[in-house]
2 protein chains.
Amino acid sequence: MASQFTVHGRLWIEGPDGTVLGHGRVELLEKIDALGSLSAAASALGMSYRYAWKLVKSMNEHSDSPLLTLNAGGRGGGHATLTDAGKEAVATYRQTDREFEQFLSEQSEKLPG
Amino acid sequence: MASQFTVHGRLWIEGPDGTVLGHGRVELLEKIDALGSLSAAASALGMSYRYAWKLVKSMNEHSDSPLLTLNAGGRGGGHATLTDAGKEAVATYRQTDREFEQFLSEQSEKLPG
DNA sequence: TATCGTAATGCACAGGTATGCATAACGCAA
DNA sequence: TTGCGTTATGCATACCTGTGCATTACGATA
């Protein structure tokens with residue numbers, strides 16, 4: 001019989017100069033990759049464009065190579081695309097996160113009563 | 001050679017009625033156990049008494065059996081002691097947390113670059 | 001019963017996180 | 001060169017977490 005208690009957690013990756021890549025940012029990057037637009041990605045996640053833009057700015061500022069490129073103007077008004085570094089960062093985080101989910105469920109099993 | 005990136009995280013245990021036991025609360029419980037006083041524990045942790053007391057109240061309200069007992073007045077002005085349930089909760093959390101630290105360092109090793 | 005230091009609790013406020021609104025800058029395509 | 005929808009950015013605001021201050025309640029012991 002399973003315990004009535006469950007183990008939960010949050011995971012993030014820190015770089016040397018304070019870079020932080022956590023769940024929310026990765027989700028945003030993935031949506032941008034899928035939709036090709038920052039504003040579309042933000043609203044798809046129920047996040048304000050204002051804040052999504054700040055996240056992106058912070059991510060690019062703190063990485064030695066930018067995780068994505070934003071372009072204002074042009075066909076469709078503009079667009080956003082992940083760089084190779086961005087795609088790699090997402091993949092790395094996702095792999096770590098998968099193992100974390102596994103860890104959490106194992107730990108939940110171990111809890112008493 | 002180790003990666004320049006490291007994996008970090010936070011861990012907590014949730015009970016059926018929204019009980020939450022995380023790092024800060026456990027640390028507070030341990031200090032109370034060691035010092036026998038809520039106000040001493042709070043200031044030892046650099047935490048305001050006001051907030052520490054709120055944490056304790058919330059913990060006791062959401063557990064079916066209280067994790068600690070507080071006594072105002074009397075010799076020394078009052079005192080605080082962990083119940084058996086409280087001590088058990090701390091021990092359970094610590095065990096899980098130890099394995100979590102292990103997990104984090106393993107994951108940090110695995111990171112590229 | 002008076003004292004003493006802790007527990008108990010309200011109120012004002014600071015800081016970070018996130019929203020919402022308004023407006024300007026941008027640059028390809030029609 | 002005009003239009004369009006996106007990026008870019010300031011400003012006001014709300015919320016949550018946590019602090020700080022002030023005051024009261026408490027009860028064993030001297």
Side-chain angles (χ1 to χ4, degrees), chain A residues 8-12 14 18-29 31-63 66-83 86, chain B residues 8 10-12 14 18-63 66-83 86:
Chain A
H8 300 251
R10 288 187 163 280
L11 203 72
W12 64 90
E14 288 188 15
T19 324
V20 169
L21 195 63
H23 184 264
R25 290 167 191 233
V26 166
E27 214 166 21
L28 180 60
L29 289 179
K31 270 285 183 254
I32 290 171
D33 196 33
L35 301 178
S37 149
L38 176 53
S39 77
S43 85
L45 293 175
M47 177 188 296
S48 70
Y49 174 84
R50 191 73 186 74
Y51 186 61
W53 178 84
K54 276 189 178 175
L55 287 183
V56 164
K57 184 186 174 192
S58 151
M59 281 190 265
N60 277 344
E61 272 175 1
H62 289 86
S63 303
L67 301 184
L68 41 75
T69 57
L70 299 178
N71 301 83
R75 176 187 51 80
H79 56 101
T81 51
L82 284 202
T83 63
Chain B
H8 300 252
R10 288 186 163 281
L11 203 71
W12 65 90
E14 288 188 15
T19 324
V20 169
L21 195 62
H23 184 266
R25 289 166 193 236
V26 166
E27 215 167 20
L28 180 60
L29 289 179
E30 287 175 330
K31 269 284 182 257
I32 290 171
D33 195 33
L35 301 176
S37 149
L38 177 52
S39 77
S43 84
L45 294 175
M47 177 188 295
S48 70
Y49 174 83
R50 191 73 185 75
Y51 185 63
W53 178 84
K54 275 188 180 177
L55 288 183
V56 164
K57 185 185 172 195
S58 150
M59 279 190 267
N60 277 345
E61 275 176 358
H62 289 87
S63 303
L67 301 184
L68 42 74
T69 57
L70 299 178
N71 302 82
R75 175 188 52 81
H79 55 100
T81 51
L82 285 201
T83 62

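Since this is a predicted model, take the numbers as computed values, not measurements. Protein chains get the first letters and strands the later ones, always in sequence-line order, with residue 1 at the start of each. Just so you know, these numbers use all the heavy atoms, side chains as well, and skip hydrogens, waters and symmetry mates.
- A residue-by-residue look at A/Gly36 and B/Gly74 shows that A/Gly36 has its nearest nucleotide of DNA chain D further toward the 5' end.
- Heavy-atom distances to DNA chain D give each of A/Gly73 and A/Arg50 a nearest nucleotide, and the one nearer the 5′ end belongs to A/Gly73.
- Residue B/Arg25 contributes atom CZ, which lies 11 Å from atom C1' of D/dT17 at whole-angstrom precision.
- When the P atom of D/dA8 is taken as reference, atom CG of A/Leu70 falls 5 Å away, rounded to whole Å.
- Across all strands shown, B/Gly77 has heavy atoms under 4.0 Å from base atoms, whether or not it also approaches the sugar-phosphate.
- If you measure from atom CG of A/Asn71 to atom C1' of C/dA25, you get 14 Å, rounded to the nearest angstrom.
- Proximity of A/Trp53 to the phosphate of D/dA8: a side-chain N or O atom is located under 4.0 Å from OP1 or OP2.
- Side-chain atoms of A/Thr83 come within 3.5 Å of backbone atoms of A/Gly86 as a donor-acceptor pair (strictly under, hydrogens ignored).
- If you check every strand for non-hydrogen atoms under 4.0 Å, A/Gly46 touches sugar and phosphate atoms only.
- Between the NZ atom of A/Lys57 and the C1' atom of D/dT6 there is a distance of 18 Å, given to the nearest Å.
- In this structure, B/Met47 atom CE and D/dG20 atom C1' are separated by 15 Å, rounded to whole Å.
- B/Met59 places its CE atom 15 Å from the C1' atom of C/dA7, with the value rounded to the nearest Å.
- In this structure, the side chains of A/Val56 and A/Ile32 come closer than 4.5 Å at one or more pairs of heavy atoms.
- Side-chain N/O atoms of A/Ser37 include none lying less than 4.0 angstrom from OP1 or OP2 on D/dG5.
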**OP:** Go through the steps for A/Leu38 and A/Leu68 under the test side chain to side chain contact (heavy atoms under 4.5 Å, CB included), then give the verdict.
**Re:** CA-CA 10 Å; A/Leu38 176 53; A/Leu68 41 75; over 6 Å; no
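- The separation between B/Arg75 atom CZ and D/dT29 atom C1' is 10 Å, rounded to whole Å.
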**OP:** Check the pair B/Asn60 / B/Leu67 against side chain to side chain contact (heavy atoms under 4.5 Å, CB included), numbers first and verdict last.
**Re:** CA-CA 6 Å; B/Asn60 277 345; B/Leu67 301 184; 4.1 Å; yes
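- Toward the 5′ end of DNA chain C lies the nearest nucleotide of A/Lys54, the other residue of the pair A/Ala72 and A/Lys54 mapping further downstream.
- Taking atom CG of residue B/Leu38 and atom P of nucleotide C/dT9, one finds them 12 Å apart after rounding to whole Å.
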